[in-house]
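No hydrogens, no waters, no symmetry mates; every other heavy atom, side chains included, goes into these values. In the text below, chain A, chain B and the rest are named by the order of the sequence lines, each starting its count at 1.
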Amino acid sequence: MKNTREARQRTQQDFSERVWQLVAAIPSGNVATYGQIATLAGSPQRSRLVGRILSHLPAESRLPWYRVINAQGKISNPDPKRQQQLLELDGVEVKLLRVKLRRYQWQS
DNA sequence: CCTATGACCATAG
DNA sequence: CCTATGGCCATAG
């Protein structure tokens, strides 16, 4: 298995596509964690990259990025107000930027 | 190459 | 509950 720049980019592209696919599959009313998405996408170590990928979505994207929060159940988006509002439209309770994972975490 | 910086995470105190 | 720490990975300078 050669390790060319192209090959590396391809695997990262694959990862991104899986992330998009998985995020799109999170049902309304549920949330997932960055680590959960990374694990389901096949790379448990890349939770950080999941956040990066979501942060780079085009503004007009219809992907429900706001359904992804951190492992503590907390919104870690630097601009959390919009995310909280969108989650509440889903019927998810948010208190002090926090969601009860026990209740809302996506059981994939 | 090295350092700094993230929408992260688990663990320890 | 909080902060600190070490680990992780990709990108930018």
Task: Runs of at least three Watson-Crick or G-U pairs with DNA chain C, cut-off 3.5 Å - done: B:2-6 with C:9-13, B:8-13 with C:2-7
Under 3.5 Å, side-chain donor or acceptor atoms of residues 27-38 of chain A against the rest of the protein: list the pairs with distances, not counting sequence neighbours.
{"residue": "Ser28(A)", "atom": "OG", "partner": "Asp90(A)", "partner atom": "OD1", "Å": "3.2"}
{"residue": "Thr33(A)", "atom": "OG1", "partner": "Gln36(A)", "partner atom": "N", "Å": "2.9"}
{"residue": "Gln36(A)", "atom": "OE1", "partner": "Thr33(A)", "partner atom": "N", "Å": "3.2"}
{"residue": "Gln36(A)", "atom": "OE1", "partner": "Gln105(A)", "partner atom": "NE2", "Å": "2.9"}
{"residue": "Gln36(A)", "atom": "NE2", "partner": "Trp106(A)", "partner atom": "O", "Å": "2.9"}

- [ ] Ignoring backbone atoms, establish whether Ser76(A) has a side-chain N or O less than 4.0 Å from OP1 or OP2 of dC8(B).
- [x]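 Checking Ser76(A) against dC8(B): at least one side-chain N or O falls below 4.0 Å of OP1 or OP2.
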Task: Closest approach of Ile69(A) to Gln83(A) (non-hydrogen atoms, all atoms of both residues) - done: CG2-NE2, 3.8 Å
Task: Residue pair Pro80(A) / Pro78(A): nearest heavy atoms and the distance that separates them - done: CD-O, 3.3 Å
Task: Approximate separation, where rounding is to 0.5 Å, of Leu87(A) CG and Gln85(A) CD - done: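 Leu87(A) atom CG to Gln85(A) atom CD measures 10.5 Å (nearest 0.5 Å).
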TODO: Measure the CG-NE2 distance between Leu49(A) and His56(A) for me, rounded to the nearest 0.5 Å.
DONE: 9.5 Å
Protein-nucleotides 1-6 of chain C N/O pairs closer than 3.5 Å?
{"residue": "dC1(C)", "atom": "OP2", "partner": "Arg98(A)", "partner atom": "NH1", "Å": "2.5"}

In whole angstroms, how far is the [atom2] atom of [N] from the [atom1] atom of [X]?
X	N	atom1	atom2	value
Asn70(A)	dC8(C)	CG	C1'	16 Å
Leu54(A)	dG6(B)	CG	P	17 Å
Phe15(A)	dC9(C)	CZ	C1'	10 Å
Tyr34(A)	dC9(C)	OH	C1'	16 Å

Task: dG13(C) versus dA7(B) - spacing of their C1' atoms, nearest Å - done: 22 Å
TODO: List for me each residue that meets side chain to side chain contact (heavy atoms under 4.5 Å, CB included) alongside Pro58(A), sequence neighbours excluded, and say none if there are none.
DONE: Glu60(A), Ser61(A)
- [ ] Go through the structure and list residues passing side chain to side chain contact (heavy atoms under 4.5 Å, CB included) with Glu17(A), not counting sequence neighbours.
- [x]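 Side chain to side chain contact (heavy atoms under 4.5 Å, CB included) check on Glu17(A) returns Gln13(A), Asp14(A), Trp20(A).
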- [ ] Given side chain to side chain contact (heavy atoms under 4.5 Å, CB included), test Val19(A) with Leu22(A) step by step and report yes or no.
- [x] CA-CA 5 Å; Val19(A) 167; Leu22(A) 286 160; 5.7 Å; no
Open item on the list: Contact list please: residues 78-90 of chain A against DNA chain B, heavy atoms, distance less than 4.0 Å, in numerical order.
Closed with: Pro78(A)
- [ ] Just jot down the salt bridge (Lys or Arg N to Asp or Glu O under 4.0 Å) partners of Glu93(A), sequence neighbours excluded, or say none.
- [x] Arg103(A)
Open item on the list: Please enumerate all residues that pass side-chain hydrogen bond (donor to acceptor under 3.5 Å, both in side chains) together with Gln84(A), with sequence neighbours excluded.
Closed with: Glu88(A)
Which atom pairs, one a donor and one an acceptor, fall under 3.5 Å between side chains of residues 70-77 of chain A and the rest of the protein, sequence neighbours left out?
{"residue": "Asn70(A)", "atom": "OD1", "partner": "Gln72(A)", "partner atom": "N", "Å": "2.9"}
{"residue": "Asn70(A)", "atom": "OD1", "partner": "Gly73(A)", "partner atom": "N", "Å": "3.3"}
{"residue": "Asn70(A)", "atom": "OD1", "partner": "Lys74(A)", "partner atom": "N", "Å": "3.0"}
{"residue": "Asn70(A)", "atom": "ND2", "partner": "Lys74(A)", "partner atom": "O", "Å": "3.4"}
{"residue": "Asn77(A)", "atom": "OD1", "partner": "Asp79(A)", "partner atom": "N", "Å": "2.7"}

Open item on the list: So if I take residues 99-108 of chain A and measure heavy-atom distances to DNA chain C, which residues fall below 4.0 Å?
Closed with: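 Under 4.0 Å from DNA chain C: no residue of residues 99-108 of chain A.
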Write down the protein N/O and nucleotide N/O pairs, taken from nucleotides 10-13 of chain C, whose separation is under 3.5 Å; answer none if there are no such pairs.
{"residue": "dA10(C)", "atom": "OP1", "partner": "Arg46(A)", "partner atom": "NH1", "Å": "3.1"}
{"residue": "dT11(C)", "atom": "O3'", "partner": "Arg52(A)", "partner atom": "NH2", "Å": "3.2"}

Open item on the list: Between the base of dC9(C) and the side chain of Arg48(A), is there a donor and acceptor pair under 3.5 angstrom?
Closed with: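 Side chain to base: no pair below 3.5 Å.
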Open item on the list: Ring of Phe15(A), cation from Arg46(A) - is the NZ or CZ under 6.0 Å from the centre and inside 45° of the axis?
Closed with: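 Yes, cation above the ring, under 6.0 Å and within 45°.
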Distance-only check: which donor-acceptor pairs under 3.5 Å involve side-chain atoms of residues 94-101 of chain A, not counting sequence neighbours?
none

